[in-house]
Amino acid sequence: MDMEKVYNFKTVEGKWSKYWVENKTFSAKVDKNKKPFTIVIPPANITGSLHMGHALNTTLQDIIIRFKKLQGYNTLWVPGTDHGGIATQNVVEKLLKKEGINKYELGREKFLEKMWQWKNKTGDTILSQLKMMGCGLDWDRVAFTMDESRSKAVKKAFIELFNKGLIYRGKRLVNWCTRCGTALSDIEVEYVDEKSSLWHIKYPLKDSNEYIVIATTRPETMFGDTAVAVNPEDDRYKKLLGKALMLPLLNREIKLISDYTIDKSFGTGALKVTPASDAVDNEIAKRNNLEVIEIIDINGKMINVPENYKGLTVKEAREKVVKELEIKGYLIKVQAYDHKVGKCYRCSTTIEPLMSEQWFLNVWQMSKRAIDAVNDGETVFHPESWKRPYTLWLENLRDWCISRQLWWGHRIPIYYCVDEKGNKTDCKSIASFEAPKQCLCCKGSNFVQDEDVLDTWFSSALWPVSIFGWQEDEHNKELKYFYPTSVLATGHEIIYLWVARMVQFGLEFMKEVPYRDVFIHGIVRDKHGKKMSKSLGNVIDPREIMDNFGTDALRFALACAGALGRDMQISEESFLSARNFANKIWNASRFIIMNLEGIENLDVDITAIELSDKWILAELYEMSLKVKKAYESYNIDTASRTLYDFFWVKYCDWYIELSKIRMMSEDLQAKKQVLKILVHALKVTLQLLSPVMPFITSEIWQILGEKKIIAESKFLNELKESDKSNIEKMKFLQDIIIALRTIRSKMNISPAQQIEALFNVLDESKEKVVKENESYVKQLAKLSSITFTKNIVRPNNSALAVVSGFEIFLPLEGLIDIEKEKTRLLKELALAKQEIEKTTAKLEDDNFIKRAPGSEVEKIKTRLNEANIKLDKINESLRFLG
RNA sequence: GGGCAGUUAGCUCAGCUGGGAGAGCAUUUCCCUUACAAGGAAGAGGUCGCAGGUUCAAACCCUGCACUGCCCACCA
């Protein structure tokens, strides 16, 4: 099979992604003889197609899975998607709105039909994208957070928690999104800086001309005020405590109370207390037994207010109140003020704290256990720096509001007993998988199910257990074998929303953490450092990249992009160089495969004959150690970069070039020897690189396999250690070659032109290495001959290179530009002088001699020595040149 | 107000337990040398944010500061 000159990723990728799926390459079964290595995918929300963040996340997981598979683990990576509650419902609602359809007119049932249609479409898109990415997922295990089995898990968990008394219903102040029409948990609120005002308002004392001034950002909520609070230590107000104030506009009597949380220095030190519209106020109200007056309804409209305010939006009411207060002389001053305002994390609507009947989960005990698990090292964060934020968050966690007033989601499995007319009775509500047959209290048989659904993160939190059938059988084999999973890979934006909650639930239901490692990777940003988002229009679509540069290029670029846990900025250029790398791999392999033509077998052992062989084997060994270590510690970027450097620079630029000498020789045995090493190093590199670039490596591996002349290469641990000193020796030769090339380049000598060289030996110990490897120098520096001498007769019109142990002359009669050579030498001279100064200074420092390790001192001495020789030789040459 | 990251070449980023500043892209010169022009060779480009400290020796360790980003927080 002829290999194309340019790597054609399209045909190769299509072939392999199909092969892996059809061949069930990544299916896993319980196998007690093998160690499991398990990852559950963070299920993508079915809001649309996968973006660059998903591409990064899945690439990293796939790299880990494929690497562990190479190491012989029984690997399992479970795919799935998330129904994404509020987010997905919003997307579909918007879509329907475009068609002029309102969800309320449609009705719950019909609306859910639309949701499922959407789910089927986008769910498939996402899964097919994962397949295109080459992800080594077990496709027999695809799960969805709202499929039948996962629904059962949600019910089971809810019922258990309810029966333990951890889930309760209550009327509390919750974060309410008036647009989504639902309550949100505390972490689903994002705080955004907003320019606003601080209004200073007079609150008169009852039957007095005196007044207190309060400062507020929300004047419209004054209708719900039930007190004014001051700090008990505040001398300004001490004598007034307990007195009655008259609420402006309403003329309702409220008390002046004290509370320790009041900051004397803020505003006027007096806070209007609106228990139904502010979390702080609500706490104060609880402590002081204040009445709670609700003034804003779930649509964000004013209620329980004077007639002319009723039904106004919050914004309208604010303007009107301010105007009225001003007219009536209550407004003292308005101060420009910036503060943070809570916004819905899904639609950015301003959150209204409202009193509302909701379901809550008591998380106190679960949090404590989740903290302990991480402190005890049962679960380890990578990087470790995330441990603290995780712990702090759990320590201060309030009960989780788990009910949502949405339609798309897991309906809360609570049933209320109703009478014949359908009215709820006072009987106890029942948590149950199905509607109960009979009420335990009144023996009635009519029930209605709670209208609300659960927070989407409730089912996400169960993911690692629900995926292995905990809901069917808590002691099933799969759960026992695959749980706890090995690692969870995710971005840091969902540590609280998801990671912490999985740990809580895992410990609650399995008595064991859900994963051993948490690999927190960075977030993909655009080239200006902004988060990629549709609204900013700065998204790079992974599909476009795959189309233009190839999937391996996409994967490699992402793998290289950022050090562990750090955010990364991505631009098109990074994919370009990754594509070039793929092409380089392709062509290097092509070269080797071309040279295998006509060779029946490689019946030679991998024996390092020459220095270059010993060198590349030593480099290969060092590289494999480093790469392996990097993979294991989730330093995917280090692994990728190391492979890149080894392959491109060491393998291609040096070893392949050096191998050509033997490749072109008549000696078949020599050719076979070098080919064997070339193939061996290539195969090891391909193996190590295959987790990152599975397509191209599989393809080349297969082509090599078809040759049937090379036995399987050994992997990693079986690689033999090589003598590191060969790396030093090779470095020495490379320095000589580079020095000669530099001269050629400076003098503009055509590569076609062979020139001779005179090596004046200054240090006999170095002579042997060069003599033994003379052909390398000749080949790579394009020399026609090398003459070794000890008694130099300086040739006219020659260029000079001084390297460790040698003074090299290139006689360049007719080619040399004397002025250029002088300039070049002067520059070299300056460098040598600098080196002498630096090293001399060190060696003259007694402290350095006394305290630095001997090896270090020796190193400096050598450097000084060589710099001195260089200086002398350059000076001589300069004198000679005139 | 706390906490956590970051600040290294024009851009994007590496730099492990302190001992001669690196890569990719961009740029300059030369080369279509029979694996690869998506390539090869050579070069230019950095007071490693600032100021102190520890050390024989600091991009790296410590302290402070500045700037950027993120997270958390009941100053209305």
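What you see is a predicted model; the values in this text were computed from it and never measured. Residue numbers start from 1 in every chain, and the chains themselves are labelled A, B, ... in the order their sequence lines are given, proteins ahead of strands.
Side chains of A/Lys272 and A/Thr221: a donor on one and an acceptor on the other come within 3.5 Å.
For the segment residues 188-196 of chain A, the set of residues with a heavy atom within less than 4.0 Å of an atom of RNA chain B is empty. Of the residues in residues 273-286 of chain A, those placing a heavy atom less than 4.0 Å from an atom of RNA chain B are A/Val280, in numerical order.
Nucleotides of RNA chain B nearest to A/Glu657 and A/Gly269 differ in position, and the one nearer the 5' end is that of A/Glu657.
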Taking distance alone, no hydrogens or angles, what donor-acceptor pairs closer than 3.5 Å link side-chain atoms of residues 841-862 of chain A to residues at least two apart or in another chain?
| residue | atom | partner | partner atom | Å |
| --- | --- | --- | --- | --- |
| A/Asp845 | OD1 | A/Asn847 | N | 2.9 |
| A/Thr862 | OG1 | A/Glu858 | O | 2.8 |

Ignoring hydrogens and angles, write down the donor-acceptor pairs under 3.5 Å from the side chains of residues 276-286 of chain A, residues two or more places apart or on other chains.
| residue | atom | partner | partner atom | Å |
| --- | --- | --- | --- | --- |
| A/Asp278 | OD1 | A/Val280 | N | 2.8 |
| A/Asp278 | OD1 | A/Asp281 | N | 3.1 |
| A/Asp281 | OD2 | A/Thr274 | N | 2.6 |
| A/Asn282 | ND2 | A/Pro275 | O | 2.6 |

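Residue contacts for A/Lys827: at a heavy-atom cut-off of 4.0 Å it reaches the sugar-phosphate backbone alone, with no base atom in range. Across all strands, A/Phe581 comes closer than 4.0 Å to no nucleic acid atom at all (heavy-atom distances). If you check every strand for non-hydrogen atoms under 4.0 Å, A/Gly522 touches nothing. A/Thr217 comes within 4.0 angstrom of the backbone, heavy atoms only, and of no base. If you check every strand for non-hydrogen atoms under 4.0 Å, A/Lys272 touches nothing.
For B/G18 and B/A57, the C1' atoms lie 8 Å apart once the distance is rounded to whole Å.
By the 30° and 60° cut-offs, the orientation of the rings of A/Phe519 relative to A/Tyr634 is parallel.
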- Message: For A/Phe549 and A/Leu554: C-alpha separation, side-chain torsions, deciding distance, then whether side chain to side chain contact (heavy atoms under 4.5 Å, CB included) applies.
- Response: CA-CA 7 Å; A/Phe549 302 101; A/Leu554 170 74; over 6 Å; no
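Listed by first and then second residue, the ring-ring contact (aromatic ring centres under 6.0 Å, His included) pairs involving residues 266-287 of chain A are A/Phe266-A/Tyr337 (not counting sequence neighbours).
Between A/Asn580 and the phosphate of B/G39, there is a side-chain N or O to OP1/OP2 separation shorter than 4.0 Å.
Nearest heavy-atom pair across A/Ile351 and A/Lys343 is CG1-C, 3.6 Å.
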- Task: Would you sketch RNA chain B in dot-bracket for me? Only Watson-Crick or G-U wobble pairs with both distances under 3.5 Å count, crossing pairs as [ ], other-strand pairs as |, the rest as dots.
- Result: (((((((..((((.....[..)))).(((((.......))))).....(((((..]....))))))))))))....
